[in-house]
Structure formats: structure tokens, C-alpha cells
Amino acid sequence: MSLPSLSNIDAFVRAVEDGNFTQAARRLHITASAVSRRIARLEEELGVRLFQRTTRALRLTDDGCDFYARCQHILAELGEAKESLARSRNRPTGRLRVEVPQVIGQLVLTPALPRFLQAYPGVEIHLTMRDEVVDPITEGADVLIRMGPLTDSRLVARSLAMTRMVAVAAPDYLKQHGTPAMPSDLSHHQCLGFLRQGIVGEWRFKGPEGITRVAPRGAFHVSQGATLRDAAATGLGIAWMMDFMVTPELATGALVTVLDTYAREERPIYLLHPPGRHLPSRVRVFLDFVKTLFTHSRAEQQ
């Protein structure tokens, strides 16, 4: 047996409360005959008579009395559920699963999370930081940040920023070892490489002669972006990093850029979430929050 329609149940409850179809019809903004048809369909769906119909009044049958009591409970719970959803939209709550690359999690997101959690104390964040590309649907991620070209068309993508690669070093290092004037000069410097799956990534510069690829050679390479930045700031050598990773250090002068005359490699950053017309409020507010973290980076590109 199929479940009764809520519209039919609503018409039945209204008729009981108002004592007649005409008044119930006014409250439902339909005709009295429409109320009668809905109740008739409900009786057909249930296989019982709910009213003893007379010319003077409506009177519930025993089955009708029992069903009315149950309907009151159902409609009350439905109303509470709707109110709870409305409160949730105004005060986001619940668990939020976030998947981000390590460097963004370490240097951008984690430092800003206290501000978000203070604004939305009902939200519980489960943050996973890894550089491997995983299936977000299988992993159950609510929000993802990814860098580089996108391949998963099942996700809704929003552009966050276009980040540039920059070569940076501490002023003391450059004072001691000199400042490279062209990419080929890097062969005489300590180059701090970023390790991905145990392999040091190459650096790519674009100049008048075209693309110059540099295989960084030095005494220290690491797989953590924050450690790579700190190593450069302490004077271990020149690092090749995304600009947002070193924004504070460039502002204070702890690091300076080199080889600025060469066009630098660009990489897009995207904010993603699974498709859905009605996103939970905790997801919506977090998406808006993350966009503010990259506003400065986006403005620099315009």
C-alpha cells in the first residue's frame, strides 16, 4: 500500500478541526469540493471510512478518530522538523568534511579556522590534508580545494584564485651568495626543492628564449610546504613556491623574490563541492569563508 499524500492528510485534519469542508477550504485556499475529493482519496488509500457524513455535520468514525490522533502527532513532528531546518539555516550546525592539499591546509586554512569556528560554534570540522587526488563522493567530502586542472566533472567548481610560482630567498642568503640574474645562474646556488612522491619537482621559467627548465640542486629538499618556506627564510637557499605561501614573509621582508623579469608558471585554485540544489547551511557559510581567504590573491591577479 502506498503512503497517503500529505496534502490529503492536511485536508482531513483541517476538516476535523474546522468541523466542515467549507471552512477547511478557506484555510487551504481551495474549494470545498476539492477538500471533499482529497478526503475521499485518503479514505480510498487507507481502505477505511474516516467520516460519518450527515446533512448537518461531519462526525468521525472510530477509525477516523484513531487516524486523526496519529495525524496530529505526524504533523507536529513535521512542523518541528521544518522549524529545525529553518534554525539550521540561520545557525549552521553539524559535521563538515573538508579535503585540501597539505600546503593550503597548513598555511592558509588552519591559521584562519579559529575565526570560522568562533563564528559558527555549532559546526564540527573534519579536515583531511593530502596531496593525493581521491574520489570525493566515495570519501564523503563536503568541500574540497584543488590546485591545477580539474578532471572530476561530477563536482561543482568555483574559481578561487590564480597563483603564481615565485623564486624566493632570505636577504642574508643573497647578500652572502649573490642574486641570480637569469635561471642558468641557479646552478651556482643552493636550490631548495619540493618533494612529491620522493621526486624533486623542476622549476620552469619563461623568458625571451622560451621555457627554461631548472632541476633544483641543493643540500635540502622536503615534502612539506611550510618547512620549505621556513628553510628559505632561515637562509638555507632559494625556494620555488606558490605566491600565497610566502605572502606574510614577503610583506615583512623575511623573504624577497628573485628572477622577477621572467614570467612565472601559473596554477589555478578551485573550490569544489558535490552537486545539489540545496546545500546545507554549514557548507554554504564555509564556502563563503574560504573565498575570503583568497580574495587578496585574486585581487593581485586583476
Side-chain angles (χ1 to χ4, degrees), residues 1-98 116-126 136-137 140-143 154-156 158 271-291:
M1 181 178 67
S2 61
L3 292 175
S5 164
L6 277 176
S7 62
N8 295 345
I9 291 175
D10 195 26
F12 165 69
V13 171
R14 299 280 189 177
V16 173
E17 292 175 348
D18 294 331
N20 62 74
F21 291 171
T22 301
Q23 185 60 31
R26 290 195 187 100
R27 294 177 62 185
L28 293 171
H29 304 290
I30 57 178
T31 64
S33 59
V35 172
S36 178
R37 286 194 299 270
R38 289 185 182 184
I39 293 174
R41 285 196 296 267
L42 180 61
E43 290 177 325
E44 185 178 348
E45 290 169 340
L46 298 173
V48 298
R49 291 191 65 81
L50 299 172
F51 286 113
Q52 293 288 355
R53 294 169 174 81
T54 68
T55 56
R56 301 183 62 181
L58 291 176
R59 185 171 298 172
L60 286 170
T61 63
D62 290 341
D63 288 330
C65 287
D66 181 63
F67 188 65
Y68 173 65
R70 293 176 181 272
C71 286
Q72 283 183 306
H73 178 68
I74 292 170
L75 292 177
E77 286 196 344
L78 181 60
E80 290 177 6
K82 291 170 68 176
E83 289 179 6
S84 176
L85 283 175
R87 289 193 299 269
S88 177
R89 289 183 65 85
N90 295 326
R91 292 183 296 173
T93 59
R95 181 176 299 172
L96 186 65
R97 296 175 177 84
V98 182
F116 177 83
L117 293 173
Q118 184 176 9
Y120 303 103
V123 177
E124 173 188 337
I125 291 182
H126 285 206
I137 306 300
D142 298 303
V143 178
R154 296 174 299 169
L155 301 175
V156 177
R158 306 182 186 190
L271 183 61
L272 305 102
H273 61 82
R277 292 183 59 187
H278 302 291
L279 291 175
S281 58
R282 60 185 176 275
V283 174
R284 289 188 291 103
V285 296
F286 189 75
L287 292 174
D288 292 339
F289 171 74
V290 171
K291 285 189 288 186

Discussion item. Using 0.5 Å steps for rounding, measure from the CZ atom of R26 to the OG1 atom of T31.
Written reply: 12.0 Å
Discussion item. With side-chain contact (heavy atoms from CB on, under 4.5 Å) as the test, pick out the partner of R97 among V143, D142, I125.
Written reply: D142
Worksheet item: Can you name the closest pair of heavy atoms from S281 and P92 and give their distance?
Response: OG-CA, 3.4 Å
Discussion item. Within the structure provided, determine whether L96 and V283 are in side-chain contact (heavy-atom separation under 4.5 Å).
Written reply: yes
Discussion item. Would you say that V290 contacts V98 through its side chain, given a criterion of any heavy-atom pair below 4.5 Å between the two side chains?
Written reply: no
Worksheet entry | Verdict with reasoning, D63 to L46, per side chain to side chain contact (heavy atoms under 4.5 Å, CB included) | CA-CA 10 Å; D63 288 330; L46 298 173; over 6 Å; no
Item to complete: May I ask you to decide if the ring planes of F21 and F51 are parallel, tilted or perpendicular, using 30° and 60° as cut-offs?
Response: perpendicular
Worksheet item: OG of S36 to CZ of R41: how many Å apart, nearest 0.5 Å?
Response: 10.0 Å
Item to complete: Answer yes or no: is there a side-chain heavy-atom contact under 4.5 Å between H273 and R158?
Response: yes
Fill in: Approximate separation, where rounding is to 0.5 Å, of R49 CZ and E43 CD
5.5 Å
Fill in: Sole candidate of N8, V16, D10 that passes side-chain contact (heavy atoms from CB on, under 4.5 Å) when paired with F12
V16
Practice prompt. Kindly give the heavy-atom pair with the smallest separation between A11 and L28, and that separation in Å.
Written response: CA-CD1, 3.8 Å
Item to complete: Specify the closest pair of heavy atoms between A25 and A32, including all atoms of both residues, with the distance to one decimal.
Response: CB-N, 3.5 Å
Worksheet item: Does some side-chain heavy atom of L50 sit less than 4.5 Å from a side-chain heavy atom of L42?
Response: yes
Discussion item. So V35 and R38, do their side chains get closer than 4.5 Å, heavy atoms only?
Written reply: no
Item to complete: Could you check whether the rings of F116 and F289 sit parallel, tilted or perpendicular, using 30° and 60° as the cut-offs?
Response: tilted
Worksheet item: So, do T61 and F67 sit near enough that their side-chain heavy atoms are less than 4.5 Å apart?
Response: no
Discussion item. Strictly below 4.0 Å, N to O, side chains only: are D288 and R284 in salt-bridge contact?
Written reply: no
Worksheet item: More than 12 foreign heavy atoms under 6.0 Å from CD of E17: is that the case here?
Response: yes
